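Encoded as structure tokens, the structure appears first; notes follow it.
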Amino acid sequence: MYSLRITNSRNQTLNLTADESKYQVMEITGLSSPGASVNTTAIYGMAGGVFNSSHVENRAITITLKVNGYNDDNRMALYNYFPTGEKVRFWYSTDAFGAEYVYIDGYVEKLECNPFTNKVIAQISIICPFPYFRAQTPTTRASATSHSFTYNGSVECGAEFVFSIITSTNTFGVVDGSGNLMKLAANITGYFQAGDTVRISTRQGEKSAVLIHGSYTTNVIRWLTNDSTFLNIKQGTNSFSVIDESVCRFGLIYNTTYRGV
């Protein structure tokens with residue numbers, strides 16, 4: 001069994017599988033792993049070619065459904081929930097996820113339906129620039145000087161690193177198990193004060209670094225050092241630790257991410 005609902009840009013939600021007297025979903029395509037473009041170069045005298053690069057494409061989801069009941073009202077409601085050119089959130093749940101939903105954000109490419117038939121069939125196309133599904137409920141790891149855990153998603157994901165400053169400093173950071181560094185270094189002594197909170201987001205399309213000092217919030221992404229990397233949560237075992245345990249603690253917030261459902 002599965003469940004499907006849509007939330008539009010006005011935060012209105014329509015459950016398309018709750019009542020078949022209104023809508024009957026006939027088919028959904030585009031739920032498996034997205035395709036990729038693979039760039040290769042042919043070399044004379046060799047079989048095949050040499051790999052250059054690859055790029056995962058946008059996800060295209062198509063929903064085909066039958067409009068039941070009083071066709072005109074139910075058909076017109078679809079225009080409200082699937083406004084072409086606008087952002088929607090696609091929520092999906094199957095037995096594999098239990099009661100948990102996964103979601104993906106996309107933009108309505110088109111909505112086609114013919115009102116001049118007895119059984120109105122609607123087809124909705126949604127283009128998703130970020131092609132992976134995220135778990136509805138984020139995983140939160142409490143503040144500590146280090147974290148080690150296993151990530152069960154099928155694709156790596158960004159996270160929000162939440163640092164609690166315990167000793168005034170102008171530099172602090174975190175390193176992962178492979179030695180990759182994410183570090184802030186201000187040129188003002190004691191710029192980060194005891195009691196401050198710093199939030200660094202490494203999520204794709206949402207990268208940021210902000211300092212929260214009392215009721216003030218300041219953009220501090222300019223203090224990221226040149227050798228810093230926006231650290232991601234990778235498949236399998238992950239480990240992160242602060243550079244100096246006397247300076248700060250940090251927590252993690254991330255949504256498990258899936259290639260397909």
Side-chain angles (χ1 to χ4, degrees), residues 2-37 55-94 97 100-117 119-138 153 155 157-160 201-208 210 219 253-261:
Y2 72 93
S3 178
L4 168 62
R5 65 189 195 210
I6 295 292
T7 301
N8 64 15
S9 57
R10 290 172 293 282
N11 205 32
Q12 300 169 316
T13 299
L14 173 66
N15 191 328
L16 286 170
T17 54
D19 186 357
E20 288 196 352
S21 68
K22 292 184 177 180
Y23 305 106
Q24 184 179 354
V25 177
M26 302 170 65
E27 184 180 29
I28 308 173
T29 62
L31 299 181
S32 57
S33 184
S37 295
H55 171 73
V56 177
E57 300 292 345
N58 296 339
R59 181 184 295 274
I61 297 176
T62 300
I63 307 168
T64 304
L65 56 86
K66 184 185 296 184
V67 182
N68 294 323
Y70 187 64
N71 286 351
D72 279 347
D73 283 353
N74 294 334
R75 176 177 58 82
M76 293 300 291
L78 292 178
Y79 297 130
N80 181 52
Y81 287 102
F82 295 96
T84 53
E86 293 189 20
K87 185 177 181 179
V88 294
R89 178 161 289 185
F90 178 102
W91 301 89
Y92 189 77
S93 178
T94 68
F97 298 107
E100 180 80 2
Y101 275 85
V102 295
Y103 71 89
I104 189 168
D105 292 328
Y107 296 84
V108 180
E109 181 184 34
K110 62 181 178 180
L111 165 58
E112 294 181 345
C113 55
N114 184 358
F116 298 102
T117 58
K119 292 295 183 182
V120 176
I121 303 298
Q123 190 170 74
I124 304 120
S125 175
I126 302 170
I127 304 298
C128 307
F130 181 75
Y132 302 126
F133 290 91
R134 291 173 168 144
Q136 174 186 4
T137 305
V155 63
C157 69
E160 184 174 33
S201 173
T202 68
R203 298 185 178 100
Q204 182 173 320
E206 303 174 15
K207 291 181 171 63
S208 64
V210 296
N219 185 344
I253 304 170
Y254 59 90
N255 295 75
T256 302
T257 305
Y258 304 94
R259 290 186 183 276
V261 295

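Each residue takes its place number in the sequence, starting with 1. Just so it is clear, the model here is predicted, and its values are computed rather than measured.
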Practice prompt. Can you see which heavy atom on R134 is nearest to which on Q204, and at what distance?
Written response: NH2-O, 4.2 Å
Worksheet entry | Minimum heavy-atom distance between P83 and V108, given as atom pair plus value | O-CB, 3.4 Å
Fill in: Distance in Å, F133 CZ paired with I61 CD1, rounded so as to fall on 0.5 Å steps
4.5 Å
Worksheet item: Taking only residues two or more places apart in sequence, or in another chain, which ones meet S3 in a side chain to side chain contact (heavy atoms under 4.5 Å, CB included)?
Response: N15, T17, S93, Y101
Fill in: Separation between OH of Y258 and SG of C157, rounded to the nearest 0.5 Å
10.0 Å
Worksheet item: Is the shortest heavy-atom distance from the side chain of I6 to the side chain of F90 under 4.5 Å?
Response: yes
Item to complete: Not counting sequence neighbours, which residues clear salt bridge (charged side-chain N to carboxylate O under 4.0 Å, His left out) with K110? List them please.
Response: E112
Worksheet, complete the sentence: Between the SG atom in C113 and the CE atom in M76, the distance rounded to the nearest 0.5 Å is 9.0 Å
Fill in: side chain to side chain contact (heavy atoms under 4.5 Å, CB included) partners for Y132, two or more places apart
P34, V56, F130, V155, T257, R259
Worksheet entry | Between OG1 on residue T62 and CG on residue L31, distance to nearest 0.5 Å | 10.0 Å
Worksheet item: Would the number of heavy atoms belonging to other residues, nucleotides or ligands and lying under 6.0 Å from CD of E86 be above 12?
Response: yes
Item to complete: Please say whether more than 12 non-hydrogen atoms of neighbouring residues, nucleotides or ligands are located less than 6.0 Å from CG in N219.
Response: yes
Worksheet item: Can you tell if the side chain of I104 reaches within under 4.5 Å of the side chain of I126, non-hydrogen atoms only?
Response: no
Worksheet, complete the sentence: Heavy-atom closest pair (G158 atom, T202 atom, distance to 0.1 Å) is CA-OG1, 3.4 Å
Discussion item. Can you tell me how far apart CZ (R89) and OH (Y103) are? Round to the nearest 0.5 Å.
Written reply: 4.5 Å
Worksheet item: Shortest non-hydrogen contact from E100 to Q136?
Response: OE2-N, 3.3 Å
Worksheet item: Looking at CG of L4 and CD1 of I28, how far apart are the two atoms once the value is rounded to the nearest 0.5 Å?
Response: 4.5 Å
Fill in: Any residue meeting side chain to side chain contact (heavy atoms under 4.5 Å, CB included) with Q12, in chain and number order, not counting sequence neighbours
N8, R10, N80, Y81
Worksheet, complete the sentence: For E57 and P131, the nearest pair of non-hydrogen atoms, with its separation, is O-CB, 3.4 Å
Fill in: P138: side chain to side chain contact (heavy atoms under 4.5 Å, CB included) partners, not counting sequence neighbours
I253, N255
Discussion item. Suppose we screen for side-chain hydrogen bond (donor to acceptor under 3.5 Å, both in side chains). Which residues come up paired with Y254, at least two apart in sequence or across chains?
Written reply: R141
Worksheet entry | pair N74-V120: side-chain heavy atoms closer than 4.5 Å | no
